[in-house]
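Okay, so here's the structure we're looking at.
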Amino acid sequence: LDIEDGNFSPGITIGIDSIRHVRSYTDAELDAHLMVTNPEFYIEDLCACGVRAVAAHIESSRYPSRFLNQIRQAGMRPGFALNYKTPVDAVIPYLDLTDYILLLTSESDCAGVGFKPYSIERVHALRTLLPDKTEIWVDGGVDDGNLAALARAGADRAVVGRALFAAPDPAQKARELCALVRAAKEDA
């Protein structure tokens, strides 16, 4: 769930009422990517909606340790998101508090800009910094043209929204992308 407030990120997407509505239709695991100012204000409501993991941009949190602890205390998995321009080592002081890092692989809210190839190096650099238990998630222009390289570099999860929903058969595309990742991991 990408949540944008029009302040931190120029777009405005869904809010808590929409998330409640989504939850009423599925018991799937939901995670939230907060592209908002004051991400702390969302934690309680996201937990009440059954969201399992929350990442906000490290650039948006005035008190990052407090934010991450609040997420964990609410029973959710805490993470940080990093804009494309943010150095990957910005997360080092918070590694003991994060379950995952969401690495943007394109400029935020720039539909059409697409995947930035240097992101593969960023994933690799981040993987060398992180403890094995900390996952790397990638988001932004990820598709079958770059997904295998991201997986080999160390990405654990990928947001593939446009790649799925632009396909004539999204379910078949999901199966193909999963097979691509399995093959890439076996080759690594």
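Here the structure is a predicted model, which means the values were calculated and not measured. Position 1 is the first residue of the sequence, and the numbers go up from there.
Residue pairs meeting the salt bridge (charged side-chain N to carboxylate O under 4.0 Å, His left out) criterion with at least one partner in residues 75-86, sequence neighbours excluded, are Arg77-Asp99, Arg77-Glu135. Sorted by first then second residue, the side chain to side chain donor-acceptor pair (under 3.5 Å) pairs that include residues 171-181, not counting sequence neighbours, are Asp144-Lys173, Gln172-Arg175, Gln172-Glu176. Screening residues 119-149 for ring pair (Phe, Tyr, Trp, His ring centres under 6.0 Å) gives Tyr100-Trp137 as the qualifying pairs, with residues at least two apart or on separate chains. Listed by first and then second residue, the salt bridge (charged side-chain N to carboxylate O under 4.0 Å, His left out) pairs that reach into residues 20-39 are Asp17-Arg20, Glu29-Arg157, sequence neighbours excluded. Legend: side chain to side chain donor-acceptor pair (under 3.5 Å) pairs involving residues 42-54, not counting sequence neighbours: none detected.
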(request) Just do the side chain to side chain contact (heavy atoms under 4.5 Å, CB included) check on Thr105 and Val142 with the steps written out, would you? (result) CA-CA 8 Å; Thr105 50; Val142 178; 3.7 Å; yes

(message) Evaluate Val51 against Ile19 for side chain to side chain contact (heavy atoms under 4.5 Å, CB included), listing each step before the verdict.
(response) CA-CA 9 Å; Val51 170; Ile19 295 168; 4.2 Å; yes

(request) Begin from the C-alpha positions of Ile16 and Cys49 and carry the test side chain to side chain contact (heavy atoms under 4.5 Å, CB included) through to its verdict. (result) CA-CA 8 Å; Ile16 298 299; Cys49 291; 4.0 Å; yes

(message) Show, in sequence, the C-alpha distance, side-chain angles and deciding distance for Arg152 and Leu147, and conclude whether the side chain to side chain contact (heavy atoms under 4.5 Å, CB included) test is met.
(response) CA-CA 9 Å; Arg152 283 190 297 270; Leu147 183 58; over 6 Å; no

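Cluster membership check: Leu126 shares its hydrophobic cluster with Ile92, using side-chain heavy-atom separations under 4.5 Å among Ile, Leu, Val, Met, Phe, Trp and Tyr. Linking Ile, Leu, Val, Met, Phe, Trp and Tyr residues whenever their side-chain heavy atoms come within less than 4.5 Å leaves Val159 and Phe115 in two separate clusters.
Phe165 pairs by the ring pair (Phe, Tyr, Trp, His ring centres under 6.0 Å) definition with nothing, not counting sequence neighbours. When the salt bridge (charged side-chain N to carboxylate O under 4.0 Å, His left out) test is applied to Glu121, no partner is found at least two apart in sequence or on another chain. For Arg127, the side-chain contact (heavy atoms from CB on, under 4.5 Å) criterion is met by Leu130, Ile136, Asp156, not counting sequence neighbours. Every ring pair (Phe, Tyr, Trp, His ring centres under 6.0 Å) that Phe80 has, sequence neighbours left out, goes to Tyr94. Judged as a side-chain contact (heavy atoms from CB on, under 4.5 Å), and not counting sequence neighbours, the contacts of Pro131 are Leu95, Lys133, Thr134. By the side-chain contact (heavy atoms from CB on, under 4.5 Å) test, Ala174 is found to be paired with Leu164, residues two or more places apart in sequence or in another chain being considered. Legend: residues meeting side-chain contact (heavy atoms from CB on, under 4.5 Å) with Asp143, ordered by chain and number and at least two apart, are Asn146, Ala163.
Using a 4.5 Å heavy-atom cutoff, the side chains of Arg66 and Glu40 are not in contact. When side chains are defined from C-beta on, Val36 does not count as touching Asn7, because their heavy atoms never get closer than 4.5 Å. Contact of the Glu4 side chain with the Ile12 side chain is not registered, since no non-hydrogen atoms from C-beta on lie closer than 4.5 Å. Counting heavy atoms from C-beta outward, Leu82 and Leu104 have side chains that stay 4.5 Å or more apart. At a threshold of 4.5 Å between non-hydrogen side-chain atoms, the residues Ser60 and Leu34 do not count as touching.
Between Tyr118 and Tyr84, the ring planes lie perpendicular to each other; the angle is over 60°, past the 30° to 60° tilted range.
A distance-only check finds no donor-acceptor pair linking the side chain of Ser9 to the backbone of Gly6 [under 3.5 Å]. Listed for the Asp5 side chain is a donor-acceptor partner under 3.5 Å among the backbone atoms of Thr37.
Separation of atoms NZ (Lys116) and OG (Ser106) is listed at 8.0 Å; rounding is to 0.5 Å.
Under a cutoff of 6.0 Å and an axis angle of 45°, Arg62 and Phe67 do not form a cation-pi pair.
Each of Ile3, Leu30, Leu1 was compared with Leu46 under the side chain to side chain contact (heavy atoms under 4.5 Å, CB included) criterion, and only Ile3 meets it.
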